[in-house]
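Accompanying notes for the structure given below.
Lettering follows sequence order; numbering is per chain, from 1.
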Amino acid sequence: MSSSPRFSALKGIQDILPPDSSLWQKVEAAAKEVFTLHGFQEIRPPIIESTALFTRSIGETTDIVEKEMYTFLDKAGRSITLRPEGTASVVRAYVEHHLYNLPSPQKFFYSGPMFRYERPQKGRFRQFHQIGVEAFGVDAPFLDAEIIVMLRVLLERLGLKGVNFEVNSIGCEKCRPGYRSALQDFFSARLEDLCPDCRRRYEQNPLRILDCKVERCIEVRRGAPRVTDFLCGDCRAHFDEVLSALTLLNIPHVLNPDMVRGLDYYTRTTFEVTSEHLGAQKAVAAGGRYDRLVEEFGGPPVPGIGFAIGMERLTTLLRDNEGVIGPFPDVCIAPIGEKATKEAFLMAGRLRARGVWAEAGYDGSSLRSQLRRADRLSSRYVLILGDDELSSGRVKWKNLRDGSQGEVDIRGIEEFLSAALRGR
RNA sequence: GUGGGCGUAGCUCAAUGGUCAGAGCACUGGACUGUGGCUCCAGGUGUUGGGGGUUCGAGUCCCCUCGCCCACCCCA
C-alpha cells in the first residue's frame with residue numbers, strides 16, 4: 001500500500017458494488033416493465049436545475065430548501081442546485097415542452113440520483129436514488145387508485161413482504177387553512193405540554209405535531225381534529241372514491257389521518273409505503289397529488305400525481321428478505337501451459353459469441369488453484385486444457401454442481417456447453 | 001445543526017498503561033508433478049483513522065480533528 005493520499009467517497013455518499021448492483025438492476029428492470037404496462041414512459045430530466053425551481057415547488061420554509069440543498073454558483077454567477085427530488089424537474093419539462101397539448105393523461109417515470117445535504121443515518125444518504133412516476137392531466141380518483149395499485153404490483157413482483165400501504169387526504173387550498181387553524185385552536189390550550197420541537201411546529205407547521213414521536217405529545221394530541229373531518233365537499237368526494245376504488249381492487253390499506261407531507265406542493269391524496277425494518281426512516285415509497293403545481297410553474301391548471309421509491313431503502317429490504325447472490329459464470333477454462341492459455345483465451349471468445357459466460361485463466365497458476373477459483377465463483381462448469389488435451393483434441397469438462405466429468409471434442413465445445421446449460 | 005456509540009491486517013475481531021500488536025477468514029504454494037469443496041503445513045501485510053498531550057512507557061488515558069454507525073430535526 002502506498003503512502004500517497006488515499007481517497008474515499010464523500011460523507012453520506014456510497015458506491016454500489018457487485019453483487020448489490022445486480023439487485024439494483026433487477027429492481028430497475030421490474031419497474032420499467034410494470035410502469036410500461038401502465039402506460040408510463042421514461043423521461044430523463046437533468047440532475048441540475050436553477051435553484052429557484054426547487055425553492056418555488058418544494059417550499060421556501062421546508063427543511064429541504066432551508067438547509068439541505070447542494071447549491072453552487074456557476075461561472076456566470078447563476079445559482080444552480082443538484083436536484084433534491086424529481087417532481088420539480090418533470091413538471092418543469094412538462095410545462096416547458098407544452099406537453100399538456102398531448103392527450104391526457106401524460107405519464108412518465110424516471111430514476112436516478114438525488115442529493116440532500118443531511119447527516120447520514122440508516123436509510124438516509126446525501127446522494128440517494130429514487131425511481132419515481134408522475135401523471136398529468138387527470139384528476140379522477142381512479143388515477144390515484146391506479147397509481148397506488150401500480151406501486152403495489154411492482155413491490156409484489158419484487159417479492160417485498162411486510163409493508164403497509166397508508167393513505168390520507170390533506171385537502172386542497174380551500175379546506176386546509178380551516179383545518180390548520182382548528183389544529184392551532186386545539187393545541188393552543190396545551191402548548192406547555194408539548195415538546196420544544198412541537199411548540200416550534202405549532203407556529204410553523206402545526207400538522208407536524210401529529211407526527212411527533214415524543215410520548216407526551218402523543219398523549220396530548222389524542223382527540224385532536226382530523227384532517228379528513230375538514231375536507232371540503234369536492235375533496236371529501238374525491239377521497240371517498242379513491243378509498244372505494246382501492247377496496248374494489250382488493251388493495252389492503254390503512255387510513256392514516258396523521259400522515260404529513262414534507263413538501264408544500266401536495267394536495268388531496270397522499271400515500272406512503274412503510275416497513276418496520278428500516279429504522280427511523282420507515283417510508284420505502286411515498287407520493288401524492290399536486291394539483292396546483294403545473295399552474296404555479298406557468299402552465300395551465302393541470303392536475304398531477306406521482307410517487308417516488310427510495311432505492312436504498314427498497315434494496316435494504318429486498319436484501320434482508322432474500323439475500324444477494326451474484327450471477328455465476330457458466331464455465332471457467334483452466335489452461336495448463338502457455339500454448340493452452342492461448343487456446344483457452346480463444347475458446348472463451350468463441351463461447352461468449354454463443355452467449356456463454358466464459359472465464360479463462362490468464363496466467364500459469366496451478367490447476368488446483370484454478371479449480372478453487374472456479375468453485376469460489378460458483379461456476380457451473382470447468383474445462384481443463386493441458387498438453388494431453390491439445391494433442392488429443394479432446395477437452396476434459398467437469399460439472400462443479402454434481403461432480404460429473406467427461407471429455408468432449410475440442411471443436412464441439414460450443415455445442416456441448418450450449419446444450420448442457422440450456423435452462424440455466 | 002444537535003446528541004450517543006465506534007475506528008487495530010483486505011474482512012470479522014483479540015490484546016490489565018508494560019517484551020517485537022495477535023487470531024480466524026480470505027489469498028498463494030505445498031501435502032495430492034493435472035481435479036474444487038474437507039483436513040493439515042508453510043508464506044506476509046499494519047503509519048492501531050490523523051495530529052497533539054500526559055507518562056519511564058500509550059492500541060489502551062486526555063484534547064483536537066476526520067470518518068463510519070445510530071438517533072433527533074426532517075425526509076425516499
Side-chain angles (χ1 to χ4, degrees), chain A residues 1-3 5-14 58-59 61-68 83-87 111-132 151 195-198 200-201 204-205 208 211-214 259-263 271-275 278-288 306-317 332 334-337 340 363-389 396-405:
Chain A
M1 198 150 298
S2 89
S3 60
R6 285 190 295 188
F7 297 108
S8 57
L10 299 178
K11 187 190 192 73
I13 296 181
Q14 52 184 203
I58 296 168
T61 60
T62 58
D63 269 33
I64 292 178
V65 166
E66 278 186 344
K67 52 184 197 188
E68 295 174 359
R83 65 180 182 191
E85 59 107 38
T87 301
S111 71
M114 309 292 164
F115 303 84
R116 292 182 199 171
Y117 194 86
E118 304 180 89
R119 286 283 286 270
Q121 67 184 81
K122 189 175 178 67
R124 166 183 296 164
F125 308 94
R126 289 188 170 177
Q127 175 176 331
F128 61 103
H129 298 76
Q130 292 185 334
I131 295 182
L151 178 54
C195 69
D197 280 328
C198 279
R200 178 176 52 77
R201 289 169 178 138
Q204 290 182 353
N205 190 352
R208 289 222 166 281
D211 218 22
C212 186
K213 292 162 194 156
V214 176
M259 193 170 80
V260 175
R261 299 277 69 191
L263 288 64
F271 54 94
E272 272 182 18
V273 182
T274 59
S275 164
L278 284 173
Q281 282 69 232
K282 57 194 175 82
V284 64
F307 65 72
I309 301 168
M311 275 296 277
E312 285 79 1
R313 294 181 186 179
L314 176 58
T315 52
T316 294
L317 293 173
C332 287
I336 304 157
D363 52 26
S365 60
S366 71
L367 179 63
R368 172 187 177 73
S369 74
Q370 295 197 63
L371 282 169
R372 204 157 43 201
R373 175 164 180 271
D375 187 51
R376 275 212 65 208
L377 293 174
S378 297
S379 177
R380 285 164 176 78
Y381 282 86
V382 161
L383 296 180
I384 297 169
L385 194 57
D387 292 339
D388 297 349
E389 288 76 13
K396 294 218 171 63
W397 60 266
K398 182 167 190 176
N399 180 327
L400 289 184
R401 296 283 200 274
D402 61 18
S404 62
Q405 52 189 319

Please report, rounded to the nearest Å, how far the P atom of B/rG36 is from the CG atom of A/L367.
8 Å

Those stems involving RNA chain B that have three or more consecutive Watson-Crick or G-U pairs, both distances under 3.5 Å, are B:1-7 with B:66-72, B:10-13 with B:22-25, B:27-31 with B:39-43, B:49-53 with B:61-65

Between B/rC20 and B/rU35, how far is it from one P atom to the other, in whole Å?
46 Å

When A/K67 and A/R401 are each assigned the nearest nucleotide of RNA chain B, the 5'-most assignment goes to A/R401

For nucleotides 3-9 of chain B, print each protein N/O atom paired with a nucleotide N/O atom at under 3.5 Å, atom names and distance only.
from: B/rG3; atom 1: O6; to: A/R119; atom 2: NH2; distance (Å): 3.2

If you look at every strand shown and take non-hydrogen atoms under 4.0 Å, does A/G403 touch a base, only sugar-phosphate, or nothing?
base

Without hydrogens or angle criteria, can the side chains of A/Q130 and A/E85 be said to hold a donor-acceptor pair below 3.5 Å?
no

NA contact type, A/F125, heavy-atom cut-off 4.0 Å: base, sugar-phosphate, or nothing?
base

Given 3.5 Å as the limit, does a donor-acceptor pair link the side chain of A/R116 with the main chain of A/K67, or not?
no

What contact category does A/E272 fall into here, base, sugar-phosphate, or nothing, at under 4.0 angstrom with non-hydrogen atoms?
nothing

Sequence neighbours excluded, which residues qualify as side-chain contact (heavy atoms from CB on, under 4.5 Å) partners of A/T62?
A/I58, A/I64, A/V65, A/D264

Determine: side-chain N/O of A/S369 to OP1/OP2 of B/rG29, distance under 4.0 Å, yes or no.
yes

Looking only at atom P, what distance separates B/rA9 and B/rU60, rounded to whole Å?
15 Å

What residues, two or more places apart in sequence or in another chain, satisfy side chain to side chain donor-acceptor pair (under 3.5 Å) together with A/Q370?
none

Which residues pass the salt bridge (charged side-chain N to carboxylate O under 4.0 Å, His left out) test with A/D197, not counting sequence neighbours?
A/R200

Any base atoms under 4.0 Å from A/A283, or only sugar-phosphate, or nothing? Heavy atoms, all strands.
sugar-phosphate

A/R208 vs A/C198 side-chain heavy atoms within contact, under 4.5 Å:
no

Could you list the residues that satisfy side-chain contact (heavy atoms from CB on, under 4.5 Å) with A/L278, not counting sequence neighbours?
A/S275, A/V284, A/R313, A/T316, A/L317

Name the nucleic acid region contacted by A/K396, choosing base, sugar-phosphate or nothing; use a 4.0 angstrom heavy-atom cut-off, strictly under.
base

Closest-nucleotide mapping onto RNA chain B: is A/P120 or A/V214 further toward the 5' terminus? I mean the 5' end.
A/P120

Side chain to side chain donor-acceptor pair (under 3.5 Å) involving A/R201 - partner list, sequence neighbours excluded:
none

Determine the interatomic distance between P on B/rC61 and the same-named atom on B/rG44; round to the nearest Å.
32 Å

Closest to the side chain of A/K398, out of B/rG36, B/rC74, B/rC72, is B/rG36

Nearest-Å distance once atom P is located in both B/rG17 and B/rC6
15 Å

Would you check if the side chain of A/R126 reaches a backbone N or O of A/R119 as a donor-acceptor pair within less than 3.5 Å?
no

To the side chain of A/I384, which of B/rC72, B/rC75, B/rU35 is closest?
B/rU35

If we take the C1' atom in both B/rG52 and B/rU47, what is their distance in whole Å?
16 Å

Rounded distance in Å - CG (A/L383) to P (B/rU35):
17 Å

Any base atoms under 4.0 Å from A/L263, or only sugar-phosphate, or nothing? Heavy atoms, all strands.
sugar-phosphate

Contacts of A/E389 that satisfy salt bridge (charged side-chain N to carboxylate O under 4.0 Å, His left out) - sequence neighbours left out:
A/K396

For A/K398, give me all partners under salt bridge (charged side-chain N to carboxylate O under 4.0 Å, His left out), at least two apart in sequence or on another chain.
none

Heavy atoms only, 4.0 Å cut-off, all strands: where does A/V382 land among base, sugar-phosphate and nothing?
nothing

Are A/Q281 and B/rA76 close enough that a side-chain N or O sits under 4.0 Å from OP1 or OP2?
no

Whole-Å distance, A/K282 NZ to B/rA76 C1', equals 13 Å

Expressed as a whole number of angstroms, how long is the span from A/I13:CD1 to B/rC69:P?
12 Å

Of all the nucleotides listed (B/rU35, B/rA71, B/rG30), which has the minimum atom distance to the side chain of A/S366?
B/rG30

If you go through the side-chain atoms of A/E118, does one of them form a donor-acceptor pair with the base of B/rG1 closer than 3.5 Å?
no

For the pair made of NZ in A/K122 and C1' in B/rC69, what is the distance, rounded to whole Å?
10 Å

Donor-acceptor pair under 3.5 Å: do we get one between A/Q370's side chain and the base of B/rU35?
no

Check the distance between B/rC75's P and A/R261's CZ and give it to me in whole angstrom.
8 Å

How is A/T62 classified with respect to the nucleic acid when contacts are heavy atoms under 4.0 Å: base, sugar-phosphate, or nothing?
nothing

Interatomic distance at C1', B/rG22 relative to B/rC69, whole Å:
26 Å

Rounded to whole angstroms, how far apart are OH on A/Y381 and P on B/rG36?
19 Å

Hits for side chain to side chain donor-acceptor pair (under 3.5 Å) against A/D211, two or more places apart or cross-chain, chain-then-number order -> none

Do side-chain atoms of A/Q127 reach the backbone of A/G12 as a donor and acceptor pair under 3.5 angstrom?
no

Applying side chain to side chain donor-acceptor pair (under 3.5 Å) to A/Q14 and not counting sequence neighbours gives none

Mind checking if A/Q204 touches a base, just sugar-phosphate, or nothing, with heavy atoms under 4.0 Å?
nothing

At under 4.0 Å, does any side-chain N or O of A/K11 touch on OP1 or OP2 of B/rC66?
no

Which nucleotide wins on minimum distance to the side chain of A/R201, given the candidates B/rU35, B/rC74, B/rG34?
B/rC74

Taking the P atom of each, how far is B/rU48 from B/rC40, in whole Å?
32 Å

So which protein nitrogen or oxygen atoms get under 3.5 Å of nucleotides 25-27 of chain B's nitrogens or oxygens?
from: B/rA26; atom 1: O3'; to: A/R376; atom 2: NH1; distance (Å): 3.3
from: B/rC27; atom 1: OP1; to: A/R376; atom 2: NE; distance (Å): 3.3
from: B/rC27; atom 1: OP1; to: A/R376; atom 2: NH1; distance (Å): 2.9

Could you check how far CZ of A/R368 sits from P of B/rG29, rounded to whole Å?
9 Å

For A/G12, which contact category applies under a 4.0 Å heavy-atom criterion: base, sugar-phosphate, or nothing?
sugar-phosphate

Considering all heavy atoms, the nearest A/W397-A/Q405 contact
O-CB, 3.1 Å

Distance between P atoms of B/rG43 and B/rC25 (Å, rounded):
15 Å

